[in-house]
Structure formats: structure tokens, C-alpha cells
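So the structure is just underneath, and the comments pick up after that.
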Amino acid sequence: QVQLTESGGGLVQAGESLRLSCSASKRTSSNNAMAWFRQASGKEREFVAAISWNGGNQVFADSVKGRFTIARNYGSSTMYLQMNNLTSEDTAIYYCAVSRKSLASRGTEDYPYWGQGTQVTVSS
């Protein structure tokens, strides 16, 4: 069983930045893609960004493209999400997930392992 722990959430003002981190408990996740999803209050969980096992393949939601970057250390089970120029629309609980695949993908069905989430609140 892979356990995931997110950190780095908080309260910021519009235009500011935050960096989220996700650590996985088992090294097996280093061979798997990882991703960030988010869920705003009253809305469904949505895809944010994903990165392949070696970092070479990255996918972003259109809503964050150009503002967010995703990274992981090669062979590592730790992943990061750098969020710049935040807006109130980015307010949500952010979840880290590990895929059953090695390449990045957008569908929640590809991710059997999930963290508990970290709250990001952007005030306007």
C-alpha cells in the first residue's frame, strides 16, 4: 500500500505563489506517474497536472498551463507543484496521486493511490 502525504498548502493573496510537495511512502511509486488533482467546495475533483515516472512527460490542465509547473526528482517518490500567479479560482483542496501507469495521464481511474489533501485558499 502506498501512502501519500501532501504539504505546502495555505492562505495567500491573488497573484502570489505556493509550492506543494507530495511524498510517497514506498519506493515503488518512483516507477509510476504521479499527479495533482483538486476539488473546490461544491465541485467535482478535477485534474491539475501529471508527470511521468522519469519527469520526461508532463500534462497540464488548460486552466493552469503557463502558471503551474510540476517536478519530481528522477527515481524519487517526491513530487512538487509550483503554483504562480494564483487566483481565487485556484482555491481548492489539492490531492496528490500515484498512477498505475508510468506515463502521465488525466483520468482519475488511472490513479489508485491518493493522499489526504492540502487546502489552498487564495483571497482576492
Side-chain angles (χ1 to χ4, degrees):
Q1 184 75 12
V2 177
Q3 293 186 335
L4 304 173
T5 304
E6 303 98 336
S7 61
L11 171 64
V12 296
Q13 295 189 343
E16 294 185 340
S17 299
L18 273 178
R19 187 191 194 213
L20 304 183
S21 299
C22 171
S23 295
S25 62
K26 290 184 66 173
R27 185 153 180 83
T28 50
S29 61
S30 65
N31 298 317
N32 299 76
M34 299 178 72
W36 291 96
F37 290 79
R38 67 186 181 186
Q39 187 166 17
S41 179
K43 296 186 177 180
E44 293 187 354
R45 189 169 299 189
E46 65 174 2
F47 170 77
V48 176
I51 188 166
S52 62
W53 70 282
N54 64 353
N57 165 235
Q58 300 175 13
V59 181
F60 294 91
D62 289 343
S63 59
V64 306
K65 203 172 293 183
R67 299 187 299 122
F68 291 13
T69 59
I70 189 170
R72 67 187 298 178
N73 297 325
Y74 177 69
S76 168
S77 302
T78 302
M79 175 181 64
Y80 307 94
L81 183 70
Q82 177 66 41
M83 306 185 294
N84 299 326
N85 194 20
L86 287 161
T87 74
S88 58
E89 296 297 309
D90 297 313
T91 295
I93 299 174
Y94 283 71
Y95 297 91
C96 168
V98 172
S99 177
R100 59 171 57 89
K101 302 178 178 179
S102 58
L103 295 181
S105 59
R106 300 170 181 266
T108 56
E109 66 276 7
D110 292 335
Y111 297 87
Y113 304 110
W114 294 82
Q116 294 299 307
T118 184
Q119 176 71 48
V120 172
T121 303
V122 184
S123 64
S124 57

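This one's a predicted model, so the numbers in the text were calculated from it and none came from an experiment. Computation of the quantities below employed the complete heavy-atom set of this structure, encompassing side-chain atoms and omitting hydrogens, waters and symmetry-equivalent molecules.
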| message | With heavy-atom distances below 4.5 Å as the criterion, would you say the side chains of R106 and V59 are in contact? | response | yes

| query | Hey, what do you get for CD (Q119) to CD (Q39), rounding to the nearest 0.5 Å? | reply | 11.0 Å

| note | Separation between CG (L81) and OG1 (T69), nearest 0.5 Å, reads 7.0 Å

| M34 to C22 - nearest heavy-atom pair and separation | CE-SG, 3.9 Å

| message | Determine whether T118 and Y94 satisfy the following criterion, side chain to side chain contact (heavy atoms under 4.5 Å, CB included), listing intermediate values before the conclusion. | response | CA-CA 5 Å; T118 184; Y94 283 71; 4.2 Å; yes

| request: Validate the cation-pi geometry between R100 and Y111: distance from NZ or CZ to the six-membered ring centre under 6.0 Å, angle to the ring axis within 45°. | output: no

| Residues forming a side-chain hydrogen bond (donor to acceptor under 3.5 Å, both in side chains) with N57, sequence neighbours excluded | none

| request: State, yes or no, whether a side-chain contact exists between S21 and M79 at a heavy-atom distance under 4.5 Å. | output: no

| message | Looking at Q82, is its backbone amide N or carbonyl O close enough to the side chain of R67 to form a donor-acceptor pair, meaning the two atoms are under 3.5 Å apart? | response | no

| said: Working to the nearest 0.5 angstrom, can you tell me the gap between D90 CG and L18 CG? | reply: 10.0 Å

| task | For L20 and E6, run side chain to side chain contact (heavy atoms under 4.5 Å, CB included): C-alpha distance rounded to whole Å, both residues' side-chain angles, the deciding distance at 0.1 Å, then the answer. | result | CA-CA 7 Å; L20 304 183; E6 303 98 336; over 6 Å; no

| task | Flag yes if F60 and Y95 sit in one hydrophobic cluster, no otherwise; membership is Ile, Leu, Val, Met, Phe, Trp, Tyr, and two members link when side-chain heavy atoms are under 4.5 Å apart. | result | no

| message | Same cluster or not: V64 versus V12, using hydrophobic residues (I, L, V, M, F, W, Y) connected whenever any side-chain heavy atoms lie under 4.5 Å apart? | response | yes

| said: So which atom in G117 and which in I93 form the shortest heavy-atom distance, rounded to 0.1 Å? | reply: CA-CG2, 3.8 Å

| Roughly how far, to the nearest 0.5 Å, is the OG atom of S124 from the CD atom of Q13? | 9.5 Å

| query | Are any side-chain N or O atoms of S25 and backbone N or O atoms of V2, one a donor and one an acceptor, separated by less than 3.5 Å? | reply | no

| said: Can you give me the closest heavy-atom contact between P112 and S99, atom names plus distance? | reply: CD-C, 4.0 Å

| Verdict with reasoning, Y80 to I70, per side chain to side chain contact (heavy atoms under 4.5 Å, CB included) | CA-CA 6 Å; Y80 307 94; I70 189 170; over 6 Å; no

Which atom pairs, donor and acceptor, lie under 3.5 Å between side-chain atoms of residues 40-51 and protein residues at least two apart or in another chain?
{"residue": "E46", "atom": "OE2", "partner": "R38", "partner atom": "NE", "Å": "2.6"}
{"residue": "E46", "atom": "OE2", "partner": "R38", "partner atom": "NH2", "Å": "3.1"}

| Which pair of non-hydrogen atoms, one from L4 and one from A24, has the smallest distance, and what is that distance? | CD2-CB, 3.4 Å

| query | Hey, is CD on E16 packed in by over 12 heavy atoms from elsewhere, all under 6.0 Å? | reply | yes

| query | Between D110 and S105, does a side-chain hydrogen bond (donor to acceptor under 3.5 Å, both in side chains) hold up when you go through it step by step? | reply | CA-CA 7 Å; D110 292 335; S105 59; 2.7 Å; yes

| message | Testing the basics here: between S52 and G56, what is the closest heavy-atom pair and its distance to 0.1 Å? | response | OG-N, 3.2 Å

| What class does the angle between the rings of F37 and W114 fall in, given that below 30° is parallel, 30 to 60° is tilted and above 60° is perpendicular? | tilted

| said: With a sphere of 6.0 Å drawn around CD of Q116, does it hold more than 12 non-hydrogen atoms of other residues, nucleotides or ligands? | reply: no

| query | How many angstroms lie between atom CG of N31 and atom CH2 of W53, to the nearest 0.5 angstrom? | reply | 7.0 Å

